[in-house]
Chemist: 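Would you mind keeping the following structure in view while I ask a few things?
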2 protein chains.
Amino acid sequence: MSTSERLIESTRELLWERGYVGTSPRAIQRRAGAGQGSMYHHFAGKSDLALAAITRTAEELRAQAEARLGGPGGAVERIAAYLRREREVLRGCPVGRLTQDPDVMADEALRRPLEETFGWLRERIAAVLAEGVESGELDRGLDPAATASALVAVLQGGYVLARAAGTEEPFAEAVEGALGLLAARAAPAGRPGPGAGRP
Amino acid sequence: MSTSERLIESTRELLWERGYVGTSPRAIQRRAGAGQGSMYHHFAGKSDLALAAITRTAEELRAQAEARLGGPGGAVERIAAYLRREREVLRGCPVGRLTQDPDVMADEALRRPLEETFGWLRERIAAVLAEGVESGELDRGLDPAATASALVAVLQGGYVLARAAGTEEPFAEAVEGALGLLAARAAPAGRPGPGAGRP
DNA sequence: GTCTATACCAGGATAGAC
DNA sequence: GTCTATCCTGGTATAGAC
């Protein structure tokens, strides 16, 4: 792996573990096994490096979400697959956690990837829900956009509760609670399948 | 206000704005209008002061929650009142945000108030929901504990989404999405009121 | 109780040699 | 490309005078 690569990967790890304010150029260099001059040769400084790291992490999150949400199965099934997907819960969300960082929020360039990631995710889940309503799998009264935001929030908040508790349990419980509420909005079985809505 | 008081209040503000790693004793002193020696006279150091600040903030959160959850009205009504209560959304949750702080998580004494706060809150909401089920206001199939965790997670995650977006809108949307799902679990109207369950 | 002095190390970055 | 030297500021704390 190139030095530049190692610097980016080290930064990704440190941002996840300690956030932006908690991560120093020194620590990045040590972890990457790179010298001072090396880092400043490849990157303009801490924030430049952070931008590269955050962008990559955001892309990864998006790809992982799309793998489940764009997979096979009904709407509820795909959403459940995404919510229940294996996660390192106690480490928190590598994208969401940056939201708490004052220096990230203050830098337009660093905040933008966060905005785009969650904007995309909320819309993507809303689309899956809308599809479920359309096909008759879900109740017509369900609001796709609002429900999608609630589901994404459950994940992000689940991390918070888990870290506060020191165990993964609250995360799993919150996810199951949300899926329980969602399942109750499934339209009565044996009813209109795709394209079979009543006239 | 005494110097000690001002130090605690300044620390509360800074922890909320910048987190623990982002808050220096210097900054606290400046904001409190206190000198170096003054701070170390009243408190053993940064973490000692933070403990006082966090404890107070946690107590406040709890009192504010209890004011709504222990108020008048049905279960869903009280929960809606709590979720919709006026908040400074873009500032985030002063307790939840500390969950992202590596130095807080690493210090047992600092993490405990977070654990207790969210543990209490989840239980308190679960109790309200259980009451709703008991009285027939809510569907018997609803899991109070899981649903409560989901609702608390929606709040915590709502802050994350709002900060990422740079507007309060996603928070409000997530809350309404969650309340929409919950409302659909209300047992059919005109049915058993308190103590009037079927035999 | 509060102030100033002092200490020491880390943060973040630049300069110039190799 | 990478290394070392250097810079200046701030973080966190102690010591001792007032």
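What's counted below: heavy atoms across the whole structure, side chains too, no hydrogens, waters or symmetry copies. Proteins come first, then strands; the chains are lettered A, B, ... in the order of their sequence lines, and each starts at number 1.
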Chemist: C:dG12 P sits how many Å from A:Arg30 CZ, rounded?
Modeler: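 My rounded result for the distance is 15 Å.
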
Chemist: For B:Met1 and C:dG1, what is the distance between atoms CE and P respectively, to the nearest whole Å?
Modeler: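 Taking atom P of C:dG1 as the reference, CE of B:Met1 is at 17 Å.
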
Chemist: Are any side-chain N or O atoms of A:Glu173 and backbone N or O atoms of B:Ala150, one a donor and one an acceptor, separated by less than 3.5 Å?
Modeler: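 Flag not set: sc A:Glu173 to bb B:Ala150 has no pair under 3.5 Å.
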
Chemist: Whole angstrom is fine here: how far is it from CD1 in B:Ile28 over to P in C:dT2?
Modeler: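 It works out to 16 Å between those atoms.
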
Chemist: Is it the case that the side chains of A:Gln156 and B:Gln156 hold a donor-acceptor pair, with the cut-off being a distance below 3.5 Å and no angle test?
Modeler: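 Absent: no donor and acceptor within the cut-off.
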
Chemist: Quick one: B:Asp48 CG to D:dA13 P, roughly how many Å, whole number?
Modeler: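 Atom CG in B:Asp48 sits about 10 Å away from atom P in D:dA13.
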
Chemist: What is the minimum heavy-atom distance between A:Arg122 and A:Val152, and which atoms define it?
Modeler: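 Scanning both residues completely, I find the closest heavy atoms to be CG-CG2, 4.1 Å.
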
Chemist: Could you list by number each residue of residues 3-22 of chain B showing a heavy-atom separation from DNA chain D of less than 4.0 Å, or answer none if no residue does?
Modeler: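 Under 4.0 Å from DNA chain D: no residue of residues 3-22 of chain B.
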
Chemist: OG1 of B:Thr57 to CH2 of B:Trp16: how many Å apart, nearest 0.5 Å?
Modeler: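 The distance works out to 8.5 Å.
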
Chemist: Where is the tightest heavy-atom contact between B:Ala34 and B:Thr3, given as atom of each residue plus distance?
Modeler: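 Minimum heavy-atom contact is CB-CG2, 4.0 Å.
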
Chemist: Once you round it to whole Å, what is the distance between P of C:dG12 and CZ of A:Phe43?
Modeler: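 Roughly 16 Å, once rounded to whole Å.
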
Chemist: Could you state the atom-to-atom distance from CZ of B:Arg26 to P of C:dT6 in whole Å?
Modeler: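 Result: 16 Å.
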
Chemist: Between D:dT9 atom C1' and A:Lys46 atom NZ, what is the distance in whole Å?
Modeler: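 From A:Lys46 NZ to D:dT9 C1': 15 Å.
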
Chemist: Dump the intermediate steps for side chain to side chain donor-acceptor pair (under 3.5 Å) on A:Tyr159 and A:Arg87, then the final yes or no.
Modeler: CA-CA 10 Å; A:Tyr159 286 118; A:Arg87 290 162 197 272; 3.2 Å; yes

Chemist: Are more than 12 heavy atoms, taken from residues, nucleotides or ligands other than B:Arg85, located less than 6.0 Å from that residue's CZ atom?
Modeler: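 More than 12 within 6.0 Å, yes.
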
Chemist: Tell me, yes or no, whether the heavy-atom count around B:Arg91 atom CZ, taken from other residues, nucleotides or ligands under 6.0 Å, exceeds 12.
Modeler: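 Atom CZ in B:Arg91 is packed in, count exceeds 12.
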
Chemist: Does a donor on one side chain and an acceptor on the other come within less than 3.5 Å for A:Arg18 and A:Thr23?
Modeler: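 Note: A:Arg18 and A:Thr23 side chains miss the donor-acceptor criterion.
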
Chemist: Quick one: label A:Thr23 by what it contacts on the DNA or RNA (base, sugar-phosphate, nothing), any heavy atom closer than 4.0 Å.
Modeler: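 Touches sugar-phosphate only.
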
Chemist: To the nearest Å, how far apart are B:Arg31 CZ and D:dG11 P?
Modeler: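 Rounding to the nearest Å, CZ of B:Arg31 and P of D:dG11 are 13 Å apart.
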
Chemist: When you measure from every atom of DNA chain D, which of residues 34-42 of chain B have a heavy atom less than 4.0 Å away?
Modeler: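 Only B:Gln36, B:Tyr40 qualify.
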
